[in-house]
Enquirer: 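Dropping a structure here in structure tokens format, bear with me for questions.
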Amino acid sequence: MSDYLKLDHIDKSFHRGGVETQVLREINLVIDKGEFVSIIGHSGCGKSTLLNLIAGLTQVSSGCVLLEDREVNSPGPERAVVFQNHSLLPWLTVYENVELAVNKVFGGKKTRAERHAWIMHNLDLVQMAHAKDKRPSEISGGMKQRVGIARGLSIEPKILLLDEPFGALDALTRAHLQDSVMEIHASLKSTMIMITHDVDEAVLLSDRIVMMTNGPSATIGEVLSVGLERPRKRLDLVSDKTYIAARESVLKFLYERHHFVEAA
Amino acid sequence: MSTPLTKIQPLSSKVTATEVAAGSATYFKPQAGAWSKRYRPMLANFLQVVVPPIVMIALFMVIWQIAFGRAGASLPSPMQVWKDSKDLIIDPFFVAGPQDIGLGLRVLTSLQRVALGFGMAAIVGVLVGAVIGQSVWATRGLDPIFQILRTVPPLAWLPISLAAFRDSQPSAIFVIFITSIWPIIINTAVGVRNIPQDYRNVAQVLCLNQIEFFYKIMVPSAAPYIFTGLRIGIGLSWLAIVAAEMLTGGVGIGFFIWDAWNSSHLSDIIVALAYIGVVGFILDRLVAIIGQLVTRGTSAN
């Protein structure tokens, strides 16, 4: 059986003013269908670059990204991205933001009524159907991110890429959204890759946690499988041994072995 | 609002205005009925906007009357203007003969030319600006040229366009077109260059093609810039048409002024100036209001 998403010997360098900086080196990773994988690491370790490579927004310097054995070298709707700052178009309503994506991807395949039902279904999924006629400036940060997730899900991607989706939110809103994402992942069985720098978030949501070493020339330091049963309940996990152990090993990786020097 | 010195900011001065309005409303409160509670602040606000200009215009008229009221003055006084050109002032749309028509009709003829020239400039300007804004090399190559052409006065284009079109009507329209297109191109290009990378990423992930990107991302995102360009453009085209008509003749308001000068009807000229000013002001406000309506969503963010 072949791999679902395969990152094969990826290197990535940027050129600026004749100076070459290597950001990523020797990235090898295989992700299965339906898996939830978090990528964690200190700022500047190339997490976002890695996500952009998978999204096709930037190109690899060497190596390749394979999705179902086909090489990824340009962006496409089978790899939806939920951006850190939501990236909703401010002149469109919540509904129209999702509609833009749905019409583009399903314009020829579904009837108008089917598309409407599908948009509403996705807004329901993130509990945003009530605000469908509001503009992004009229809703809160957490709501914007929900719509961003709805837009990502609405194009039925093979992989949903989440770039620090909850980074700009307060702790309570963040917890709500994490629960929503867990529910969606459970019900849709979708493959998700999330970038985060929150250890608890990574352990709570992920099947596996990919830990990155510090840049430049960052690479995958360690991959931790989180053997927690699903569905996971935030409160039950607080004293769960597996949870505590997983949390500890990620913390140790980040703060003992790969301590971020510049942050001191 | 913390200091009165921040009045340059439109938002804070707006707050000041409404606060003053609310204050004066409570001051003049004889009975606290629902009607007066609701409409009195609005009325106060309206009066605050309308009364000061009226007072200033009246003051200006009085000074003017005093300065040019005596016999043998070089320019007519307001009373003289009223006496000479009453027909022009009270009825803008009379038709008394092929060359003797109301100023409103003349203005409409000029506006027709502006509509054609400016309309074309808007379409071509936005398209060219979009292309230039998208390409770094087009910007580097063309921006300096546009910056130079932008400074050429409207009338300097007239001889060339008369030579090219051999007719006054298309020449006048071309002068408007060429005068108003530069700010539209330049502002659109800046707006397109400033489209946030996030929106471009969204478009890329959805695989929007060039045309979809233009309509769905580029135009709405750059709309505030585009409308700034359009507003400067309509002002310039109104400047250009009056000057161009003076030279090309015809029915427009510009030619009317030249004609009145040749027949020493100074009062008529003053009335025409007032018409031109008011129409130019309305055009400017019109584009500004359309811009506000269209860009509401964009600028709210």
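Letters A, B, ... mirror the listed sequences (proteins, then strands); counts begin at 1. Computed from a prediction, not measured in an experiment: that's the story for all the values here.
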Enquirer: Using non-hydrogen atoms only, which part of A/Asn52 is less than 4.5 Å away from chain B: side chain, backbone, both, or neither?
Expert: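 Contact with chain B: none, neither part.
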Enquirer: I'd like to verify something: which residue of A/Val105, A/Leu92, A/Thr93, A/Asn85 has the highest number of heavy-atom pairs under 4.5 Å with chain B?
Expert: A/Asn85
Enquirer: Among A/Lys104, A/Arg79, A/Glu138, which residue has the highest count of heavy-atom pairs closer than 4.5 Å to chain B?
Expert: A/Lys104
Enquirer: Answer with side chain, backbone, both or neither: which region of A/Ala101 has an atom nearer than 4.5 Å to a non-hydrogen atom of chain B?
Expert: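 Both backbone and side chain of A/Ala101 come within 4.5 Å of chain B.
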Enquirer: Which one, A/Pro77, A/Pro157, A/Pro75, A/Gly56, leads in non-hydrogen pairs under 4.5 Å with chain B?
Expert: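 Most pairs with chain B among the choices: A/Pro75.
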Enquirer: Check whether A/Arg151 gets within reach of chain B through its side chain, its backbone, both or neither, counting any heavy atom under 4.5 Å.
Expert: side chain
Enquirer: Test your reading of the model: is there a side-chain donor-acceptor pair from B/Trp157 to the backbone of B/Ile178, 3.5 Å cut-off?
Expert: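 Not a single qualifying donor-acceptor pair exists.
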Enquirer: When you look at A/Lys47 and A/Asp163, which way does the salt bridge (charged side-chain N to carboxylate O under 4.0 Å, His left out) test go after all the steps?
Expert: CA-CA 9 Å; A/Lys47 303 186 293 273; A/Asp163 187 359; over 6 Å; no
Enquirer: Out of A/Gly76, A/Ala80, A/Ser74, which one racks up the most heavy-atom pairs below 4.5 Å with chain B?
Expert: A/Gly76
Enquirer: Identify, with sequence neighbours excluded, every residue that meets side chain to side chain donor-acceptor pair (under 3.5 Å) alongside B/Thr139.
Expert: none
Enquirer: Any luck finding a side-chain donor-acceptor pair between A/Ser180 and A/Arg146 under 3.5 Å?
Expert: yes
Enquirer: Measure the shortest side-chain to side-chain distance between B/Glu212 and B/Met218 over non-hydrogen atoms and say whether it is less than 4.5 angstrom.
Expert: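 Side-chain contact under 4.5 Å: no.
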